[in-house]
Amino acid sequence: DNLCKRQRFVCVCVLLPTMIPSMIQEVHELYEMFSTRNSLHRKAYKHKTTRIVERMITEAFVEANDHIRIQGTGGRLLKMSEAIDDMLAYTKLTDHFVIQQIRTSQDPQLAQESVIKIMVEESEGKLTAKDFVVDVVKFDYGMKERNPVDCVWFYSKDNPTKPIKVHQNQVSHMLPMVFKEEQLRVYSTGTGREACSLAQSYFIRLCNMKKLAYESQGDEGFAHGSSYLTPVRQPLAETRINDTTKKRKLSEINQM
């Protein structure tokens with residue numbers, strides 16, 4: 001369905017000497033497309049589990065780099081980081097190959113470093129900076145703080161050769177006013193019940209010190225080590241935009 005909408009958006013564009021505007025009736029679909037992009041990043045690409053798994057795999061590959069060799073052109077044995085310069089070795093560099101090399105390696109140093117890092121030692125309630133992973137995740141509509149639709153030109157059926165801009169207030173008053181958000185995620189490698197409670201107490205203390213809002217799953221979730229998502233303090237620009245919007249709406253009501 002989204003593919004059909006994107007194809008339609010391209011098909012109704014017209015070619016002008018200096019730009020390629022789209023039909024004004026497609027502005028709603030364009031906002032929906034950027035909203036879908038944001039939703040995919042939240043639910044999949046930048047999901048909390050996806051991010052920490054990516055980090056764990058990256059750390060595992062970095063640790064394994066000096067211990068795994070891939071046979072390349074002329075029988076040369078290359079590190080994983082060197083395979084990019086040898087096409088034969090690079091084509092062998094797959095996730096399955098690397099993971100199998102790690103699991104079946106007889107290198108004692110490779111096994112000792114526990115590069116997979118799926119299992120961690122249970123903490124005894126003492127946590128250090130090394131026991132935490134801090135991840136700042138950014139969500140937006142593709143242009144950071146800007147509304148991407150503001151950069152799009154449109155045309156009307158009455159005058160298809162005259163490009164125009166469409167302000168979001170002309171589209172709907174239910175559209176977002178802020179197009180960028182940051183979340184601060186903190187992961188702890190401690191697996192013990194006491195370690196998890198201690199890590200969460202540190203987390204809440206940090207949020208209160210920095211005046212950050214945080215979401216929890218209640219007391220029961222807190223006791224069992226549930227996840228917390230912490231939006232970073234919202235930009236001052238949001239307050240100004242909201243104030244301006246309120247004034248504009250009051251002005252429109254007074255004119256009615």
N/O donor-acceptor pairs under 3.5 Å from side chains in residues 10-31, not counting sequence neighbours:
residue: E26; atom: OE2; partner: R8; partner atom: NE; Å: 2.8
residue: E26; atom: OE2; partner: R8; partner atom: NH2; Å: 3.0
residue: Y31; atom: OH; partner: N147; partner atom: ND2; Å: 2.9

Of all residues at least two apart in sequence or in a different chain, which pass the salt bridge (charged side-chain N to carboxylate O under 4.0 Å, His left out) check with D135? R51
Can you name the salt bridge (charged side-chain N to carboxylate O under 4.0 Å, His left out) partners of R146, sequence neighbours left out? none
Going by the rule side-chain hydrogen bond (donor to acceptor under 3.5 Å, both in side chains), which residues pair with T73 if we only count those two or more places apart in sequence or in a different chain? D86
Could you tell me the separation between the CG atom of L77 and the CD atom of E82, rounded to the nearest 0.5 Å? 10.5 Å
Pairs where residues 137-158 contributes a residue and the test ring pair (Phe, Tyr, Trp, His ring centres under 6.0 Å) is met, not counting sequence neighbours: Y141-F179
Contacts of N208 meeting side-chain contact (heavy atoms from CB on, under 4.5 Å) (sequence neighbours excluded), chain-then-number -> I204, Y214
Considering only Ile, Leu, Val, Met, Phe, Trp and Tyr, and joining two whenever side-chain heavy atoms are under 4.5 Å apart, list the other residues clustered with M143. none
Taking side-chain contact (heavy atoms from CB on, under 4.5 Å) as the test, write out the residues that go with S81, two or more places apart. N65, K79
Kindly check if the number of other-residue, nucleotide or ligand heavy atoms within 6.0 Å of OH (Y90) is above 12? no
Results of side-chain contact (heavy atoms from CB on, under 4.5 Å) for D95 - residues two or more places apart only: F61
Please list, chain by chain and in numerical order, all residues satisfying salt bridge (charged side-chain N to carboxylate O under 4.0 Å, His left out) with R69, sequence neighbours excluded. none
N159 versus T161, side-chain donor and acceptor atoms under 3.5 Å: yes
Linking Ile, Leu, Val, Met, Phe, Trp and Tyr by side-chain heavy atoms under 4.5 Å, what else ends up with L40? Y45
For K46 and R185, the nearest pair of non-hydrogen atoms, with its separation, is O-NH1, 2.6 Å
Checking A199 now: which residues fulfil side-chain contact (heavy atoms from CB on, under 4.5 Å) with it, not counting sequence neighbours? L127, F132, S188
